[in-house]
Novice: 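What follows is a structure written as structure tokens; I'll ask about it next.
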Amino acid sequence: MALHESYEPRRVEQAVQAEWEQTQAFRVVEEAGREKFYCLSMFPYPSGRLHMGHVRNYTIGDVIARYQRMLGRNVLQPMGWDAFGLPAENAAMNNGVPPAQWTYSNIDYMRNQLKSLGFAIDWSREVATCTPEYYRWNQWLFLRLLEKGIVYQKTGTVNWDPVDQTVLANEQVIDGRGWRTGAVVEKREIPMYYMAITKYAEELLADLDQLDGWPEQVRTMQRNWIGKSFGVRVGFPHAIAGGGTLWVFTTRADTLMGATYVAVAAEHPLALHAAQNNPALAAFIEECKHGGVSEAELATQEKKGMATGLTVSHPLTGEQLPLWVANYVLMGYGEGAVMAVPAHDERDFEFAHKYKLPIKQVIENTKWIAAVRDGWNLDEYRYYEFNGDKWKEWYGEKDAGIAINSGKYDGLPFDDAVEAIAADLSAKKLGEKKVTWRLRDWGISRQRYWGTPIPMIKCPTCGDVPVPDDQLPVVLPEECVPDGSGNPLNKYEKFLQCTCPKCGGAARRETDTMDTFVDSSWYFFRYACPGATAMVDSRADYWMPADQYIGGIEHAILHLLYSRFWTKAMRDVGLTTVSEPFRNLLTQGMVVAPTFYREGKDGRKQWFNPADVAVTVDDKSRPLSAVLKTDGQPVEMGGIEKMSKSKNNGVDPQTLIEQYGADTARVFMMFAAPPEQSLEWNDSGVEGAHRFLKRLWAFAADNAAVLKTVALPADASDTALAARREIHETLQQALVDFGKYQFNTVISACMKMLNAIGKLEGKGADAVRSEGFSILLRLLSPIAPHLTHELWRGLGYGDDILHAQWPQLDAAALKRDSIELVVQVNGKLRGKVNVPAAADKAAIEQAALADENVQRFMEGQTVVKIIVVPGKLVNIVVKA
RNA sequence: GCCCGGGUGGCGAAAUUGGUAGACGCAAGGGACUUAAAAUCCCUCGGUGGCAACACCGUACCGGUUCGAUUCCGGUCCCGGGCACCA
């Protein structure tokens, strides 16, 4: 086959993709006994067009899939669509198109984009979560988990927009106000369905230890999120509303003797009771309802509180402690009440300081005790700390001190103090040791249209009744158009009307839909058994767990934790034997680009795309200023940020592919940064990647006649042998890097190889050139599959490069007669020496000491010792 | 606020995990080819000093361990991700 003179990416890529399509090159079936590799990328939300983050994610996945395939494994790489969600409803509000229609047309467009990138995907397994064939199994498992008591109902807090009369997502609350109405958002309690993920907390925590293919940082984040903590449940008896006990949970029972007040959430029954005859308190409780429910917002808001005028009894001393209502205590967490120890908790300290509540120190830092022994005047210093608005971090460290001012507990360290206090509380029936979790049950109800209908029926006589299995799926009507005033299903009689499965009477359907995290918690099971007549079938046993999962670090907690939970729940229903869905995890970094803006008079920023901005630089090419190309007027530089619509700093992958081709796009993305780091967009970097591929093609075209030479002549020149050694040394590194999925240095190795064989001369040069180029093509083929496919066949190396053998290292090529060693004096580089590869320690030392520059730095000093690192360096330690 | 990361030339990065800091590429400067431009090719390229050999400084900042630290330890500053209804 004749090779075209110049590199024409469009022609090559279309031809190669057509061949893959025709031969169904990436279709896979289960083959018992053959080693499988399930390469899974997080599926995209069909937002309209691919963004660079998608291109990066799926290129990484594709390179891994093709690499594993060349190593001989049976590789599954599927793709699908996370198709339910909020953006489709927002689009509907803007353009009046039903979410279903918008979503399906986005999917069609994005599927074509993915195909143009040449990914080795088995499209016969495609899944879209908004199809009844998929979401019916969300409903089916929901019902199984309801039977098992894993799904249950309770109230939860949501953001309520009082103007639009609708529930808002956290994203839709900006500075405590609704994003469309600007109205101050209120917290509202509504009934919701929950999944009891906390029943799996212990297992979710323990199994993290086995996930050694996951990044340590992700495991740490999940551990902290689950947050197992050991503490004490403490009761404070009181005479309010006929008397009772107010319960709190604390991990610092050792500080109980320092509790100076007790605080409850605004919604707590005692708070509501106290407010009955206290209009000021009632107003404060009302005020606490303002603002969003997100933890970030709650944790950063100003700490406010109000005394109820009531008291509770300290469980050990009987002392009356004031009862406060505080906005930082949350009804949904723990008991909705906390004991406050201002001396040893920073937040309590701040609060006590603000409201002039007593502060009583009951822990002394042992370091300070040593200071006292050494004659420091501690009282003076402590006085200063407490009265100077300051709080020292160590006050909160449980291992730092011993109890003081605590009566019989004085002198006890943390563990002993907790034991003793817990025992005394227990004897009084006012407390016991308890394990608690930070992890909360998963609320899955959404008051939204575009999601999986929750399969429940509300019957006026029977209450909430599950939909029987034979009536599944509960199909979501696809013609509704949300208008921002709540869930359109609430007004859609065709959907609402039904009969009660229990009594046969007229009833209404539940209109809440499921959190979209449900959809994404098990799609990888469905890929493994497309068209299964049950939720999953035995084919999934072959493929699961996924050998490699690739996706953004932003999913490190929620999606990955829910998927792990859902997999365990499926296992306990008997659907799988797998306990963990993802064996190895690669968290890819973001794609970032510079931002530019102008600030309007109203403080609103208008963002300009980097393509429309010209940046001037100084003589070191550091950016100085920027102007808009269309009007020549300056714009502000807003720093480097994640590519996004809101900052208008995205680069459209489509333009890139059309201009340079998929191979260039893939090479640039893999070369610019290692997968886990963030990748900064750079147009001239794309040019560089394209230049490399053009050079590669030109080399092939120029040398087509000699690139079939195979045998290395026995009398090959030294330069040819040196080049061959360089190629194999580079290959050695590249093979290691491929195994580590560090593709940027693999590409760098390919560039080095091309450099090495490009300027090769002398006897045997053609043979080395031919061997080197065949290695290079195969190494690069997972990254730039189209061009390497065309060249491999065009040069006659073989038929389909997909079936070529992965390059092997030739140890003989690496042999060296002499090696260069670095010589240091006191750790500083002073010279280099060449020694025979077989030289012993004495010979190396001798050679090193003989170096002229080394001797200069040893003059007048005596040698203390000589450190020889074989093959690396010699360090001579001298002293005056 | 809480949890988890990151910080190396003008820029993206590399460094076999404690052993030559800056591979590979981009940008920039100089040169060749060309009537010219584009494309391509060659050379220089961390800072300071020096004709040079070379020396000193340099991996955010301060300190420590070590013969030797970008790498390990302690602290500080800055940037990013997540915080349960964005996905």
Side-chain angles (χ1 to χ4, degrees), chain A residues 42 44-45 47 82 85-87 156 158-159 167-173 215-218 220-221 223-225 227 293-301 303 328 346-347 438-443 445-448 515-517 520 552-559 561-562 587 589-590 592 617-623 639-642 671-674 676-689 691-692 694-695 698 732-733 736 742 744-745 747-752 755 820-829 832 853 856 864-867 869 872-873 875-878:
Chain A
M42 290 181 187
Y45 178 80
S47 54
D82 188 12
L86 205 49
V158 295
N159 304 305
V167 176
L168 297 178
N170 284 337
E171 187 191 50
Q172 298 169 318
V173 178
E216 194 53 52
Q217 61 158 309
V218 175
T220 305
M221 279 191 267
R223 255 180 222 116
N224 291 340
W225 185 264
V293 298
S294 80
E295 187 177 316
E297 186 173 338
L298 295 170
T300 49
Q301 73 186 355
K303 312 281 172 292
Y328 67 83
E346 192 168 6
R347 194 177 53 186
R438 209 188 80 92
L439 182 68
R440 311 194 307 255
D441 278 344
W442 176 15
S445 293
R446 297 290 177 270
Q447 297 69 46
R448 272 183 243 298
D515 182 4
T516 55
F517 276 123
S520 55
I553 183 69
E554 66 271 22
H555 296 293
I557 295 175
L558 292 180
H559 161 62
L561 192 64
Y562 291 142
T587 51
M590 295 174 308
V592 298
V617 295
D618 67 3
D619 56 351
K620 297 252 176 181
S621 39
R622 276 180 290 232
I640 312 271
E641 299 206 46
K642 178 177 177 172
F671 182 59
E676 310 217 276
Q677 278 182 38
S678 65
L679 182 153
E680 195 176 321
W681 190 260
N682 182 342
D683 285 329
S684 48
V686 178
E687 287 277 359
R691 204 144 53 213
F692 167 61
K694 278 199 290 191
R695 222 145 54 83
Q732 186 172 38
Q733 187 61 53
V736 171
Q742 194 178 53
N744 55 329
T745 49
I747 294 168
S748 153
C750 292
M751 289 170 170
K752 277 187 203 173
N755 291 343
E820 189 180 62
L821 294 182
V822 162
V823 186
Q824 298 178 333
V825 178
N826 286 345
K828 293 207 165 193
L829 176 68
K832 291 174 184 180
N853 202 42
R856 208 151 64 81
V864 179
K865 64 174 162 177
I866 302 180
I867 293 149
V869 183
K872 284 270 173 287
L873 61 69
N875 188 14
I876 302 163
V877 185
V878 296

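Basis for what follows: all heavy atoms, side chains included, without hydrogens, waters or symmetry-related copies. Bear in mind the structure is a predicted one, so any value in this text is a computation, not a measurement. Below, read A as the first sequence line, B as the second, and so on, with proteins coming before strands; counting in each chain starts at 1.
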Novice: Please classify the nucleic acid contact of A/H559 as base, sugar-phosphate, or nothing, using heavy-atom distances under 4.0 Å.
Specialist: nothing
Novice: Which part of the nucleic acid does A/E295 contact within heavy-atom distance under 4.0 Å: base, sugar-phosphate only, or nothing?
Specialist: base
Novice: Any side-chain N or O of A/T220 below 4.0 angstrom from OP1/OP2 of B/C4?
Specialist: no
Novice: So what does A/Q217 hit on the nucleic acid, given a heavy-atom distance under 4.0 Å: a base, only sugar-phosphate, or nothing?
Specialist: sugar-phosphate
Novice: For A/V877, answer base if it contacts any base atom (sugar-phosphate contacts may also be present), sugar-phosphate if it contacts only those atoms, and nothing otherwise; contact means non-hydrogen atoms under 4.0 Å.
Specialist: sugar-phosphate
Novice: Just the rounded figure in Å: distance from P of B/C24 to CD1 of A/I747.
Specialist: 15 Å
Novice: Rounded to the Å, how far apart are A/M221 CE and B/G80 P?
Specialist: 17 Å
Novice: Give A/A672 one of three labels, base, sugar-phosphate or nothing, depending on what nucleic acid heavy atoms sit under 4.0 Å from its own.
Specialist: sugar-phosphate
Novice: For the side chain of A/N875 and the backbone of A/G827, is there at least one donor-acceptor N/O pair under 3.5 Å apart?
Specialist: yes
Novice: Is any side-chain N or O of A/R691 closer than 4.0 Å to OP1 or OP2 of B/A27?
Specialist: yes
Novice: Does A/N682 have a side-chain nitrogen or oxygen under 4.0 Å from the phosphate oxygens OP1 or OP2 of B/G25?
Specialist: no
Novice: Rounded to whole angstrom units, what separation is found between the OH atom of A/Y45 and the P atom of B/C86?
Specialist: 13 Å
Novice: So what does A/N744 hit on the nucleic acid, given a heavy-atom distance under 4.0 Å: a base, only sugar-phosphate, or nothing?
Specialist: sugar-phosphate
Novice: Out of B/A87, B/U20, B/C24, which has the shortest distance to the side chain of A/L873?
Specialist: B/U20
Novice: Which nucleotide in the list B/C86, B/C24, B/G5 gets nearest to the side chain of A/A169?
Specialist: B/C86
Novice: Might you work through the side-chain contact (heavy atoms from CB on, under 4.5 Å) test for A/E676 and A/Q217, ending with a clear yes or no?
Specialist: CA-CA 12 Å; A/E676 310 217 276; A/Q217 61 158 309; over 6 Å; no
Novice: Using the C1' atom as the reference point in each nucleotide, state the distance between B/C57 and B/A39 in Å, no decimals.
Specialist: 42 Å
Novice: Contact class for A/Q447 vs. all strands (heavy atom < 4.0 Å): base, sugar-phosphate, or nothing?
Specialist: base
Novice: If you compare every side-chain N and O of A/Q742 against the phosphate oxygens of B/A15 (OP1, OP2), does one of them come in below 4.0 Å?
Specialist: yes
Novice: Taking atom P of B/A21 as reference, at what distance in whole Å does atom CG of A/L829 sit?
Specialist: 6 Å
Novice: If I take atom NZ in residue A/K832 and atom C1' in nucleotide B/A21, what distance separates them, rounded to the nearest angstrom?
Specialist: 12 Å
Novice: Any base atoms under 4.0 Å from A/V167, or only sugar-phosphate, or nothing? Heavy atoms, all strands.
Specialist: base
Novice: By the 4.0 Å heavy-atom rule, please label A/P44 as base, sugar-phosphate, or nothing.
Specialist: nothing
Novice: If you only use heavy atoms from C-beta on, which nucleotide in B/C41, B/C86, B/A14 is closest to the side chain of A/T745?
Specialist: B/A14
Novice: For a quick check of understanding: with a heavy-atom distance under 4.0 Å over all strands, which category does A/R856 fall into, base, sugar-phosphate or nothing?
Specialist: sugar-phosphate
Novice: Determine, stepwise, if the pair A/V592 / A/W681 fulfils side-chain contact (heavy atoms from CB on, under 4.5 Å).
Specialist: CA-CA 6 Å; A/V592 298; A/W681 190 260; over 6 Å; no
Novice: What is the pairing partner of B/A53, taking Watson-Crick or G-U wobble pairs with both distances under 3.5 Å in any strand?
Specialist: none
Novice: Answer with base, sugar-phosphate or nothing: what part of the nucleic acid does A/L86 contact at a heavy-atom distance below 4.0 Å?
Specialist: sugar-phosphate
Novice: Ignoring backbone atoms, test whether A/N755 places a side-chain nitrogen or oxygen under 4.0 Å from the OP1 or OP2 oxygen of B/A23.
Specialist: no
Novice: How do A/T300 and A/W442 order along RNA chain B: which one's closest nucleotide is nearer the 5' end?
Specialist: A/T300
Novice: Just to be sure I understand the rule, does A/S520 reach a base, reach only the sugar-phosphate, or reach nothing, if contact means heavy atoms closer than 4.0 Å?
Specialist: nothing
Novice: Check for a donor-acceptor pair, side chain of A/N826 on one end and backbone N or O of A/V878 on the other, with a separation under 3.5 Å.
Specialist: yes
Novice: I want to verify a distance call: between B/A84, B/C86, B/U16, whose nearest atom is closest to the A/L439 side chain?
Specialist: B/A84
Novice: Could you tell me which nucleotide pairs with B/G5 by Watson-Crick or G-U wobble geometry, both distances under 3.5 Å, or answer none if nothing does?
Specialist: B/C79
Novice: Paired with B/A38 by Watson-Crick or G-U wobble geometry, both distances under 3.5 Å: which nucleotide is it?
Specialist: none
